[in-house]
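Below you'll find the structure, written out as C-alpha cells, and then a few comments.
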Amino acid sequence: MPLDTSLSRRTILKASAGAAALGTLGAPAISYAQSEAIKLGHITPRTGFLGPLGEYAVQAMQLAVEEVNAAGGVNGRKIEVIYDDSPNPQQASAKAERLIQRDKISALIGEISSASALAIAQVVQREKVLFINTGANSDALRGSDCQRYMFHIEAQNSMYVKAVGRSLVANGLVTGKKWYSLTADYAFGHDLLNVAKRFMAGNNANHAGDDLIPTDLADFSPFLLKIRQARPDVVILNLAGTQITNFLKQYAEFGLTFPVAGFGFDTALAWGAGPGNFGGIWPALWHHLVDTPNSKKFVAAFTAKHRRPPENQAWGEYCSLKIIAQSMAETRSTDPTKIVEHFEKGAKFDVLKSRESYFRARDHQMMTEMYAITALPQAQVKNQWDIFSSSPPVPGPNESLEVIAATEEENKCVFRSA
C-alpha cells in the first residue's frame, strides 16, 4: 500500500471491516476529544559526532506527525511523540525504559549509534514494545544480537558494502587494488570493517593499511601522512558522523588525490564538508534527488519548513512514523505484538522509492532499494546541495531486493522466545 505524504482515509478504511466502516468516510470514527492520543517515543543523539544527523531525524519526525494528524490521525486518534536524546548506550537504555514504563508509549523510533540501539533492543524485547531502528547499521543487530521486537528501516552494513561495491568493481577499484581504510573505533565501525574485509577477500582486493579512529578525533593529519606514504589505490572510509566531514575537509587541504570511497554515509556529512571538499563514491539508502512523486513531496515539504533538503536520516524517521501509522490503521490496533506479526507477514510499504519495501521475516531487516552516488566535479556543482550524481536503484528492477542483503550464512538471526 502506498505510504503517501499523509495517511489517507482510504488507508484507514481499508483496515476496517464490513460496510458499516465505510460510513466513516466523512469523518474519523472517534474524535480527538473522545480518545487518548497514541503515544510514540523517539530517541536519537542530539549532541556529539552524530548530533547533526539527529537534528534532521527530529525535524522529519515532527513533519510526519503533523501530516498524519492533519489527515485525521490513526483510526480517529491523534499521534503524539515524546522526544529524547541518547548521548550514550547507558542513557539510551534508561530513557527507553522510562518512555515505556512511565509514558506508556506504543512504539519507539530512532537511534543512530549501533551500541545504543543494542541497549534499546534489550529493553524493548523485555517490555514487548516495538522498536524501529532508523540509523544503526551493525550487521550484529540483525544477526547475533537480533530481537523480535526490533525492526530495521536503516540498511545493514552488508547492504551498504554490496550496494556501493558494484560501482567500485565497475570502476576498476577492487580486483588487485590496494586499499587503505580508516574505521570508526566503536561497534558500528568494527562491524563494517569485518563486512568490508569479507567483500575484499571475495573480490581479490588487498589491504595496504588500516587504522581505527576514535570518535572524538578532530585532527586526521597523522593518518593522512600514513596514507601519503602507503600510496594506496583507494582510500576506504568506514567512518561515521562528523568524522567523515572532518576527514574530507582535511583530505582536500592535504592535496591528496588517491580515489576515495566509503561504505557508510549520510548526505548531510558531505554537505558539511564545504565546497570542493566532497569526493569519491559512496552508498546511499535514500537521497533528496530520488525521482518519485512521494519523494519529491517529502523533499518539498521538508525544505519549505527548514530551508534545506532532508537527507537519509530524515528519510528514515519520516518513513518509520508513516509505516507505524499505516500498520496501526490496517490492523485496527496499537498492540505492539500485532504490529510485529503484521510486519512479519510481509506487509509492504511505499518508502518514497520506485519499489515497495518490506521487512524480511527472518531478521527484520527492511528489503529496499539503495543507490551509489558519485561526487560531481566542482565545475558541475550548481548549489550546495546537489553535489553528486546517483546510480539507478540497486538492486535493479529485475532483481530481488534481497540480493544486496546479508545471507543467512553470512549473518544468522535466531529470535529468543523471551
Side-chain angles (χ1 to χ4, degrees), residues 1-18 21 38 40 60-61 64-65 67-68 71-77 79 105-110 121 124-125 128-134 141-142 146-156 159 285-286 292-295 298 315-370 393 395 397 399-405 413 415:
M1 176 171 296
L3 208 175
D4 204 343
T5 50
S6 63
L7 185 68
S8 66
R9 285 196 178 96
R10 182 174 60 82
T11 299
I12 296 172
L13 289 172
K14 186 176 178 182
S16 305
I38 299 170
L40 305 178
M61 278 286 290
V65 171
E67 291 179 354
V68 169
V74 178
N75 299 329
R77 296 175 66 184
I79 293 269
I105 61 169
S106 297
L108 183 62
I109 295 171
V124 298
Q125 184 63 28
K128 302 290 189 289
V129 170
L130 173 67
F131 169 42
I132 296 186
N133 157 40
T134 60
L141 291 171
R142 292 85 166 160
C146 68
Q147 302 286 0
R148 182 151 188 250
Y149 283 80
M150 174 169 60
F151 289 77
H152 312 275
I153 193 171
E154 173 61 275
Q156 63 185 164
M159 295 168 70
L285 182 55
W286 176 88
T292 66
N294 284 342
S295 185
F298 170 49
W315 168 89
E317 254 74 6
Y318 181 85
C319 289
S320 293
L321 189 283
K322 294 296 186 78
I323 285 170
I324 287 176
Q326 176 181 320
S327 298
M328 287 179 173
E330 289 174 346
T331 61
R332 303 292 295 181
S333 176
T334 60
D335 181 353
T337 301
K338 290 185 179 179
I339 304 300
V340 166
E341 292 170 351
H342 183 65
F343 288 168
E344 289 180 336
K345 289 176 182 176
K348 292 188 176 181
F349 306 97
D350 178 344
V351 291
L352 316 184
K353 304 179 186 182
S354 61
R355 296 166 69 181
E356 289 183 315
S357 300
Y358 61 93
F359 293 108
R360 185 164 63 177
R362 70 170 174 82
D363 61 359
H364 293 178
Q365 173 62 56
M366 176 164 275
M367 298 294 104
T368 189
E369 295 169 322
M370 294 186 67
E399 294 181 286
S400 164
L401 288 174
E402 302 197 17
V403 299
I404 59 171
C413 165
F415 293 122

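The structure displayed is predicted, hence computed values, not measured ones.
Closest approach of S333 and I339 over heavy atoms only: O-CD1, 3.7 Å. Across all non-hydrogen atoms, the minimal contact from A361 to E344 is CB-O, 3.6 Å. Residues Y358 and A347 share a closest heavy-atom pair of CB-O, 3.5 Å. Smallest separation of non-hydrogen atoms from T134 and S320: CG2-OG, 3.4 Å. Closest heavy-atom contact between V74 and A329: CG1-N, 3.8 Å. Among all heavy-atom pairs drawn from M367 and A405, the shortest one is CE-CB, 3.8 Å.
Between the side chains of Q365 and R142, a donor-acceptor pair is found at a separation under 3.5 Å. Residues S295 and W315 have side chains that never bring a donor and an acceptor to within less than 3.5 angstrom of each other.
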Q) Is there a side-chain contact (heavy atoms from CB on, under 4.5 Å) between F359 and I323 once you walk through the steps? A) CA-CA 11 Å; F359 293 108; I323 285 170; 4.3 Å; yes

(Q) For a side-chain contact (heavy atoms from CB on, under 4.5 Å) check, start with the C-alpha distance between S106 and I38, then their side-chain angles and the critical distance, and finish with the verdict. (A) CA-CA 7 Å; S106 297; I38 299 170; 4.2 Å; yes

Q) Stepwise, does the side-chain contact (heavy atoms from CB on, under 4.5 Å) test hold for M370 with L285? A) CA-CA 5 Å; M370 294 186 67; L285 182 55; 3.9 Å; yes

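A heavy-atom distance below 4.5 Å is found between the side chains of L141 and M150. T334 is listed as a side-chain neighbour of R77, based on a closest heavy-atom distance under 4.5 Å.
Between H364 and F151, the ring planes are parallel. Angles under 30° get that label, and only those over 60° would be called perpendicular.
A distance of 10.0 Å separates OG1 in T331 from NZ in K345, rounded to the nearest 0.5 Å. Here D335 contributes atom CG and E341 contributes atom CD; the two are 8.0 Å apart, rounded to the nearest 0.5 Å. Atom OG1 of residue T368 and atom CE of residue M159 lie 6.5 Å apart, to the nearest 0.5 angstrom. Going from atom CE of M366 over to atom CG of N133 covers 11.5 Å, rounded to the nearest 0.5 Å. Interatomic distance, L321 CG to E67 CD, rounded to the nearest 0.5 Å: 9.5 Å. Rounded to the nearest 0.5 Å, atoms CD1 (I132) and CG (L108) are 9.5 Å apart.
With T292 contributing its side chain and L352 its backbone, the two residues share a donor-acceptor pair below 3.5 Å. A donor-acceptor contact shorter than 3.5 Å links the side chain of Q125 to the backbone of Y149. A donor-acceptor pair is defined here as one N or O able to donate and one able to accept, closer than 3.5 Å; such a pair exists between the side chain of E369 and the backbone of S354.
The aromatic ring centres of Y318 and W286 sit 6.0 Å or more apart.
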